[in-house]
Enquirer: 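Structure in structure tokens, see below.
All residue numbers refer to positions in the sequence shown, counting from 1.
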Amino acid sequence: MPWTSTAFPPGYGDFVLQSSDGQNFYFPRSILNRMSGFFRNLDATGTEEKPFRLLEGSFVLFYLLKHMDPQKSNSITRGSCGVDVIRAGAKYQIEIILQRFQNGVDKGGQGARASVMRNNPAELLQVALDYNVGGIGRRAIEELTSRSAADLNKLKKKIPSTVFEYIKRLRRDRRRKYWSYVDILSKLDARVTSQLGIGDGPQSRRSTRTSTMVCMSCVSSLSQWILLLEQGLQLEPSWNRFKKGFHENMPDGCKKCGRGNIVLKETADVFLTRWEIEATKFEKDQPSWPII
């Protein structure tokens, strides 16, 4: 027997929708037409005697209607943008659901919607492919491109083979890009500081010969820093990973040779600032949609 939604009871609207588990929802047809491309173009009726039946369960249908209803959308909770809700939003062409989810993902951080993307990139990629939702598709591919090779291989069965190969190409391109930065860092020495105008006081005006004299301890710590950067990018070829490794593993000033590593750090920081603009644009321009 059908049961009635308490959030969308009889009298709330003139169109009756029924979930796959038999719950009836009464919703204004005018809002359905305005918010959903699917219902806008659909010539159908939904009455108590003959409700319009959907394949989605009551949980998903509840959130679909809540997103569309201007009186209830301001009280949306964490479950409102799960994968099933997003899939249904794409299926029924409810733009506000897709836009809210993408805005939440684009903000990053630990928000619920960003968490859904981090935990379900392959499933969301499939939604984007099924319904040609480019914004979500691009973000899902970005998420997958930044995963470790081991994590990506675990998801291989969930990703179409052509798309999987495309993601591998993106990973190779990014790795080459960021390894070129690492290569520059590996060749840095204090002589660069005079060209960039870094430092102040007497030490910044030392002769080139004096400024490049660093001890073996200093060289060893810098070599370790470069190695850790390379290893991090092998696992996750992304600007965030590069920047994190840059700051976390950068050696402090060497006690044996004085200011050596500090001078190099200041030099590297200048490069990092320049590269951030370049790398952000590089990642923003990828991936393409439709996938090529």
Side-chain angles (χ1 to χ4, degrees), residues 105-111 114-115 117-119 121-122 138-155 166-193 195-196 198-199 211-212 214-287:
V105 171
D106 288 344
K107 290 179 181 177
Q110 301 301 315
S115 177
M117 176 61 80
R118 284 194 299 272
N119 295 331
R138 284 169 58 94
R139 294 295 285 111
I141 291 175
E142 288 174 16
E143 179 67 33
L144 290 164
T145 302
S146 298
R147 293 295 179 91
S148 70
D151 285 346
L152 189 60
N153 283 327
K154 290 178 183 178
L155 297 170
Y166 176 71
I167 291 171
K168 287 173 63 177
R169 290 201 305 273
L170 288 181
R171 288 172 60 81
R172 285 195 295 270
D173 290 346
R174 290 188 180 188
R175 195 176 291 116
R176 281 195 292 266
K177 178 77 171 175
Y178 299 132
W179 274 353
S180 73
Y181 295 166
V182 174
D183 186 55
I184 292 172
L185 293 177
S186 70
K187 296 172 183 176
L188 279 182
D189 59 39
R191 285 172 297 181
V192 185
T193 61
Q195 300 169 17
L196 297 174
I198 295 174
S211 65
T212 56
V214 294
C215 68
M216 290 306 297
S217 175
C218 187
V219 170
S220 175
S221 61
L222 288 170
S223 298
Q224 179 71 9
W225 175 53
I226 294 298
L227 177 62
L228 290 172
L229 274 173
E230 289 180 337
Q231 290 175 343
L233 290 170
Q234 180 67 35
L235 291 173
E236 179 188 320
S238 71
W239 174 248
N240 284 339
R241 183 64 184 239
F242 178 90
K243 190 163 60 171
K244 181 180 179 181
F246 180 97
H247 289 300
E248 285 185 351
N249 302 313
M250 164 62 88
D252 296 325
C254 181
K255 294 180 180 179
K256 291 186 178 180
C257 64
R259 186 173 158 76
N261 285 349
I262 297 178
V263 173
L264 289 174
K265 182 181 186 306
E266 292 173 345
T267 305
D269 279 340
V270 171
F271 279 106
L272 188 73
T273 301
R274 294 178 182 176
W275 289 336
E276 178 135 32
I277 298 171
E278 180 180 280
T280 300
K281 184 179 185 305
F282 176 70
E283 291 194 0
K284 186 177 180 180
D285 290 343
Q286 296 179 321

Enquirer: Drop me the distance from K177's NZ to W275's CH2, to the nearest 0.5 angstrom.
Expert: 10.5 Å

Enquirer: Passes side chain to side chain contact (heavy atoms under 4.5 Å, CB included), E142 versus T145? Steps please.
Expert: CA-CA 5 Å; E142 288 174 16; T145 302; 5.7 Å; no

Enquirer: How close do M117 and V105 get, heavy atom to heavy atom, and via which atoms?
Expert: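 Scanning both residues completely, I find the closest heavy atoms to be CB-CG2, 4.0 Å.
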
Enquirer: Are I167 and R171 close enough, and set up right, to give a side chain to side chain contact (heavy atoms under 4.5 Å, CB included), and what steps lead you there?
Expert: CA-CA 6 Å; I167 291 171; R171 288 172 60 81; 4.3 Å; yes

Enquirer: What pair of heavy atoms forms the shortest contact from S146 to R174, and how long is it?
Expert: OG-NH1, 3.8 Å

Enquirer: Between D183 (side chain) and W179 (backbone), is there a donor-acceptor pair under 3.5 Å?
Expert: no

Enquirer: Measuring from D151:CG to E236:CD, what's the distance to the nearest 0.5 Å?
Expert: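 Answer rounded to 0.5 Å: 9.5 Å.
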
Enquirer: Taking all heavy atoms of R147 and all of N119, pick out the closest pair and write down the distance.
Expert: NH2-N, 4.4 Å

Enquirer: Say you draw a straight line from CG of L272 to CD1 of I277; how long is it, rounded to the nearest 0.5 Å?
Expert: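 Atom-to-atom, L272:CG and I277:CD1 are 10.5 Å apart.
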
Enquirer: Drop me the distance from L152's CG to K154's NZ, to the nearest 0.5 angstrom.
Expert: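 The CG atom of L152 sits 11.5 Å away from the NZ atom of K154.
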
Enquirer: With rounding to the nearest 0.5 Å, note down the distance linking OH in Y181 to CD in E278.
Expert: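 It comes to 3.5 Å.
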
Enquirer: Distance from R139 atom CZ to L144 atom CG, nearest 0.5 Å?
Expert: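 Output value for this atom pair is 11.0 Å.
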
Enquirer: Closest heavy-atom contact between R138 and Q286?
Expert: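 Minimum heavy-atom separation between R138 and Q286: NH2-O, 3.9 Å.
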
Enquirer: Do Q224 and L227 touch side chain to side chain, with heavy atoms closer than 4.5 Å?
Expert: yes

Enquirer: State, to 0.1 Å, how close P237 and R175 come at their nearest heavy-atom pair, and which atoms those are.
Expert: CB-N, 3.9 Å

Enquirer: Can you give me the closest heavy-atom contact between F242 and L229, atom names plus distance?
Expert: O-CD2, 3.6 Å

